[in-house]
Every structure is written in C-alpha cells, then in structure tokens.
K.L.:
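Provided herewith is a single structure, encoded as structure tokens, for subsequent inquiry.
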Amino acid sequence: MPRWSLTAALLAAAIVTVLSSTAQAREYKLGALVLSSPWSRATPGGAKVGAGFVTIENKGGQPDRLIAGASPIAGKIEIHEMSVEKGVMRMRLLPKGLEIPAGGKVELKPGGYHIMFIDLRRPIVKGQAVKATLTFEKAGRIEIELDVEAIGSSAPGSHKGSHH
C-alpha cells in the first residue's frame, strides 16, 4: 500500500471517529427506564412556552408513568399530547401523566407526546443544553440535559426544514 493511501485511510478513520463521537446521543438510566436523545427546540425571544422531547424505554416487567417535571428555565413543566382531530391540531395536558408500558418504548416527539416548559424564564437557545428533572411514579426522579436544536427542527441533529 503506498504511503499516501495509508495516511489518507488513517485520516478518514480519524474523521469518522470525531463525527461519530460528536453525534453521540445522551442516554440516562433510572431503574428499568432508559431515557435517550433528550432534546428541545430553540424558542424566539419573548416566548413563554417551549417543548422537550425524549425517548423512554421501559426494560422492566411493570409499567411506569412520567408524572411530573421541573426545570430552572421554566415556572412549571407539564406532560402534553398533541393530536389532530377533524383536521384541527389540538394539545392537551395529560393530568395523570404518560404511561410507559412494561417492555415498551414511548417516543416524545414533535406532533405527539412532549414535555411542555411553561412560563419560560429565558429563551431556549440553540447549542445551550437545558436541564430538567423528570419524575416517574415508580422509578423516581432523574436529572437530564436536553440538547437544543434550531427553531423548527423535526428531530435531534436535524436542521430546520429537513426530515430525517
């Protein structure tokens, strides 16, 4: 193998390693629960609400329930569901929280279940992680950090307007 191609191969391997390590998603474990890829969207200045998203997997034999949350950036956190009824998008509070079935996975994502940051104390800014504490009925509390994407992002690591 010529020397230049070995160097190029090593350089390519180094670039791939750097790219994969920067794209590493956050993951948190709490009892039988695994929380992965928590993220939020940036908010415009003056916005009073923001949303948070995360995938929650329950590896246990008992269902659990996401019942509450708190964050230093918001007056309160509520768990909401977005749905479309007769062509109208509706958002509703889930007063009993969100069930995470035994052996199941629930994805909080735009257009579905989400964490609602209410009475924002400051804008949510792209690139600045947001801290939050989530409370589960059985597993208890866990502190997480949500990566912040651009306004209008559809998924973690996406760019505005793109669909992955």
K.L.:
Grab the two heavy atoms, one from Leu33 and one from Ile56, that are nearest each other, plus how far apart they are.
P.N.:
CD2-CG2, 4.4 Å

K.L.:
Can you list the residues that meet the side-chain contact (heavy atoms from CB on, under 4.5 Å) rule with Arg41, with sequence neighbours excluded?
P.N.:
Trp39, Phe53, Pro110

K.L.:
Working to the nearest 0.5 Å, report the span between OG of Ser40 and CD of Gln128.
P.N.:
12.0 Å

K.L.:
Check whether any side-chain heavy atom of Leu35 lies under 4.5 Å from a side-chain heavy atom of Thr55, and answer yes or no.
P.N.:
no

K.L.:
Please check if the number of heavy atoms outside Arg121 that lie under 6.0 Å from its CZ is greater than 12.
P.N.:
yes

K.L.:
Can you tell me how far apart OG (Ser153) and NZ (Lys126) are? Round to the nearest 0.5 Å.
P.N.:
7.0 Å

K.L.:
For residues Phe117 and Ala132, report the shortest heavy-atom separation together with the two atoms involved.
P.N.:
CE2-CB, 4.4 Å

K.L.:
Before you tell me yes or no, could you show the steps for Glu27 and Lys29 under salt bridge (Lys or Arg N to Asp or Glu O under 4.0 Å), namely the whole-Å CA-CA distance, both residues' side-chain angles and the distance that decides it to 0.1 Å?
P.N.:
CA-CA 7 Å; Glu27 186 174 282; Lys29 289 181 173 63; 2.8 Å; yes

K.L.:
With sequence neighbours excluded, what pairs up with Lys131 under the salt bridge (charged side-chain N to carboxylate O under 4.0 Å, His left out) test?
P.N.:
Glu145

K.L.:
Can you give me the closest heavy-atom contact between Leu66 and Ile100, atom names plus distance?
P.N.:
N-CG1, 4.5 Å

K.L.:
Clusters formed by hydrophobic residues whose side-chain heavy atoms approach within less than 4.5 Å: which one holds Val34, and what are its other members?
P.N.:
none

K.L.:
Using the side chain to side chain donor-acceptor pair (under 3.5 Å) rule, collect all pairs that involve residues 101-117, keeping only residues at least two apart or in two chains.
P.N.:
none

K.L.:
Shortest non-hydrogen contact from Asn58 to Gln62?
P.N.:
ND2-O, 2.9 Å

K.L.:
Can you name the nearest heavy-atom pair linking Ile73 to Arg122, along with the distance?
P.N.:
CG2-NH2, 3.4 Å

K.L.:
List the residues meeting salt bridge (charged side-chain N to carboxylate O under 4.0 Å, His left out) with Glu99, not counting sequence neighbours, and say none if there are none.
P.N.:
Arg65

K.L.:
Keeping the roles fixed (side chain from Thr43, backbone from Ile124), state whether a donor-acceptor pair exists under 3.5 Å.
P.N.:
yes

K.L.:
Are the side chains of Leu134 and Leu30 in contact, using a 4.5 Å heavy-atom criterion?
P.N.:
no

K.L.:
Taking 4.0 angstrom as the limit, do Arg26 and Asp147 come out as a salt bridge?
P.N.:
yes

K.L.:
Using the rule that two of Ile, Leu, Val, Met, Phe, Trp, Tyr join whenever any of their side-chain heavy atoms come within less than 4.5 Å, decide whether Leu94 and Phe136 are in one cluster.
P.N.:
yes

K.L.:
Do you know the tightest heavy-atom contact between Val54 and Ser36?
P.N.:
CG2-O, 3.4 Å

K.L.:
Kindly compute the distance separating OG (Ser71) from CD1 (Ile118), expressed to the nearest 0.5 Å.
P.N.:
12.0 Å

K.L.:
Using side-chain heavy atoms (C-beta onward) and a distance below 4.5 Å, is Val49 in contact with Met116?
P.N.:
yes

K.L.:
Using residues 75-86 as the side-chain source, report each donor-acceptor pair under 3.5 Å to any protein atom, sequence neighbours left out, with the distance given to one decimal.
P.N.:
| unit_1 | atom_1 | unit_2 | atom_2 | d |
| --- | --- | --- | --- | --- |
| Lys76 | NZ | Glu78 | OE2 | 3.1 |
| Glu78 | OE1 | His80 | NE2 | 2.7 |
| Glu81 | OE1 | Arg92 | NE | 3.1 |
| Glu81 | OE1 | Arg92 | NH2 | 2.7 |
| Glu85 | OE1 | Arg90 | NE | 3.2 |

K.L.:
Does Pro101 offer a backbone N or O that forms a donor-acceptor pair with the side chain of Asp64 under 3.5 Å?
P.N.:
no

